[in-house]
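First the structure, in the form of structure tokens, and then the observations on it.
Quick note: numbers below take in every heavy atom, side chains included, and nothing from hydrogens, waters or symmetry partners. In listed order, ligands and their atoms are each counted from 1.
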Amino acid sequence: MANALLDVQDVVIRFGGIVALDHVAFTVPEGTVCGLIGPNGAGKTTLFNCLSRLYIPNEGDIRFKEQSILSTPAHAMADLGIGRTFQNLALFPSMSVVKNIMVGGHHTKRSDFLSNALRLPTVTREEHDLEEQAWELVDYLGLHEVAHLPVAALSFGLQKRVELGRALASHPKLLLLDEPAGGLNHDDIDGLGKQIQQIRDDRGVTVLLVEHHMSLVMAISDKVVAIDFGRKIAEGTPAEVQRDPEVIRAYLGTE
Ligand code: ATP
């Protein structure tokens, strides 16, 4: 197995009396797609929020490329090489597809870029490079025909693709995808699964995927981690996790 790109070590997080994550530990090997599953309220989003430094664990450590990220501020995560998408899309609805993707590439000077994009007509060298990169992603993700449209004019499925492009524009080594299949139809989900595997294979991006759509997770993941009530209950290949009695109990309420 490849080296661990991400190493989650005994993470505990409490909200008042609730233990949302209870000594959760697992690794994400470099160059893989890892699925993180669990019933509603299991702690998946809380874990993602720890990984992107929106929450600070009460105990434990999170290591990326063998370095702890706990003292890295949330705004510097993209510089480290960790990108993410959100359950509720984090796009600028009135800006074009290509400009939204450019925002993702401009993570170190995002506010300067936004003021330029919204007001100033001058095009700097940096913006030119960002635009070139954004067009490459537009083509890669099949968004050419809608590239100049405001994001608000796109279907939900296409907006999700733009969000993927925005996250890829920061050149992540690790991409955190939060329920990418949520709200998509069957065909879109098939396409998304292929796209995630291509992102791993063509661009060398390691993916950690939180997803309720079980057949997608099982079809595209190299490894699956299951949590319930904030505890890890299983970890292994999709086939191993699917037949794990604790996983079956967590989802069906019976063994
Ligand atoms: P879903 O699949 O429904 O999105 P989830 O697995 O992502 O669920 P979380 O949203 O991480 O679950 O929630 C885990 C637990 O932590 C829940 O009991 C939730 O109410 C609690 N929780 C999460 N964030 C907070 C917070 N900021 N304050 C208090 N409790 C929280």
Side-chain angles (χ1 to χ4, degrees), residues 6-28 33-62 64 69-70 72-75 77 82-91 156-157 159-160 163-164 167 174-186 188-189 192-193 196 206-221 223-236 238 241-242 244-254:
L6 180 75
D7 190 356
V8 177
Q9 300 181 338
D10 269 333
V11 166
V12 176
I13 186 157
R14 301 183 197 91
F15 299 110
I18 298 171
V19 184
L21 295 174
D22 188 1
H23 296 279
V24 171
F26 66 92
T27 58
V28 179
V33 173
C34 178
L36 179 64
I37 61 166
N40 288 327
K44 304 179 297 296
T45 300
T46 302
L47 182 60
F48 255 37
N49 286 338
C50 291
L51 298 178
S52 43
R53 296 289 291 106
L54 297 177
Y55 292 163
I56 301 171
N58 297 100
E59 294 175 36
D61 198 3
I62 298 171
F64 175 68
I69 61 166
L70 293 191
T72 307
H75 66 79
M77 295 307 284
I82 301 181
R84 81 169 280 181
T85 64
F86 292 84
Q87 226 169 308
N88 302 314
L89 300 177
L91 296 169
F156 187 63
Q159 289 191 19
K160 287 216 138 182
E163 168 108 327
L164 198 53
L174 175 68
L175 181 58
L176 308 173
L177 298 180
D178 196 354
E179 299 201 18
L184 298 188
N185 65 36
H186 225 74
D188 282 343
I189 292 174
L192 174 72
I196 293 172
T206 302
V207 177
L208 179 62
L209 165 77
V210 160
E211 188 49 67
H212 279 291
H213 198 283
M214 217 44 69
S215 46
L216 174 69
V217 176
M218 296 304 170
I220 68 169
S221 299
K223 168 181 182 174
V224 177
V225 175
I227 59 175
D228 190 23
F229 292 114
R231 283 188 315 113
K232 183 178 78 177
I233 56 171
E235 177 175 10
V241 169
Q242 272 181 106
D244 186 284
E246 276 235 56
V247 174
I248 295 169
R249 184 196 46 73
Y251 277 94
L252 302 177
T254 175

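- Of all the atoms in ligand 1, the ones that sit under 4.0 Å from a non-hydrogen atom of Tyr55 are 24 (N), 27 (N).
- Among all protein heavy atoms, the one lying closest to atom 21 (C) of ligand 1 is Phe15 CD1, 4.2 Å.
- Per-atom contact check: atom 19 (C) of ligand 1 does not touch the protein, criterion being a heavy-atom distance below 4.0 Å.
- Shown in contact with Ala20 at under 4.0 Å from a heavy atom are these atoms of ligand 1, numbered in order with element: 16 (O).
- Regarding atom 9 (P) of ligand 1, its nearest protein heavy-atom neighbour is Thr46 OG1, 3.6 Å.
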Evaluation steps, salt bridge (charged side-chain N to carboxylate O under 4.0 Å, His left out), between Glu163 and Lys160: CA-CA 5 Å; Glu163 168 108 327; Lys160 287 216 138 182; over 6 Å; no
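- Contacts of Phe26 classified as ring-ring contact (aromatic ring centres under 6.0 Å, His included), with partners at least two apart in sequence or in another chain: none.
- Regarding atom 3 (O) of ligand 1, its nearest protein heavy-atom neighbour is Asn40 OD1, 3.1 Å.
- Using a 4.0 Å heavy-atom cutoff, Phe48 is absent from the residues neighbouring ligand 1.
- Figure legend: Arg84 and Phe86 shown as a cation-pi pair, the cationic atom lying under 6.0 angstrom from the six-membered ring centre and within 45 degrees of its axis.
- The salt bridge (charged side-chain N to carboxylate O under 4.0 Å, His left out) analysis of residues 13-24, with sequence neighbours excluded, yields the pairs Arg14-Glu59.
- Numbered from 1 in the order shown, with element, the atoms of ligand 1 that lie under 4.0 Å from a heavy atom of Thr45 read 4 (O), 5 (P), 7 (O), 10 (O), 11 (O).
- Heavy atoms of other residues, nucleotides or ligands lying less than 6.0 angstrom from CG of Leu70 number more than 12.
- Residue Ile37 is tested with Glu211, His212, Met218 for a side chain to side chain contact (heavy atoms under 4.5 Å, CB included); the sole match is Met218.
- Summarising the contacts of atom 8 (O) of ligand 1 with Gly41, Gly43, Gly230, Ala42, the nearest heavy atom is found in Gly41.
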Chi angles and distances behind the side-chain contact (heavy atoms from CB on, under 4.5 Å) call for Leu21, Val24: CA-CA 6 Å; Leu21 295 174; Val24 171; 4.0 Å; yes
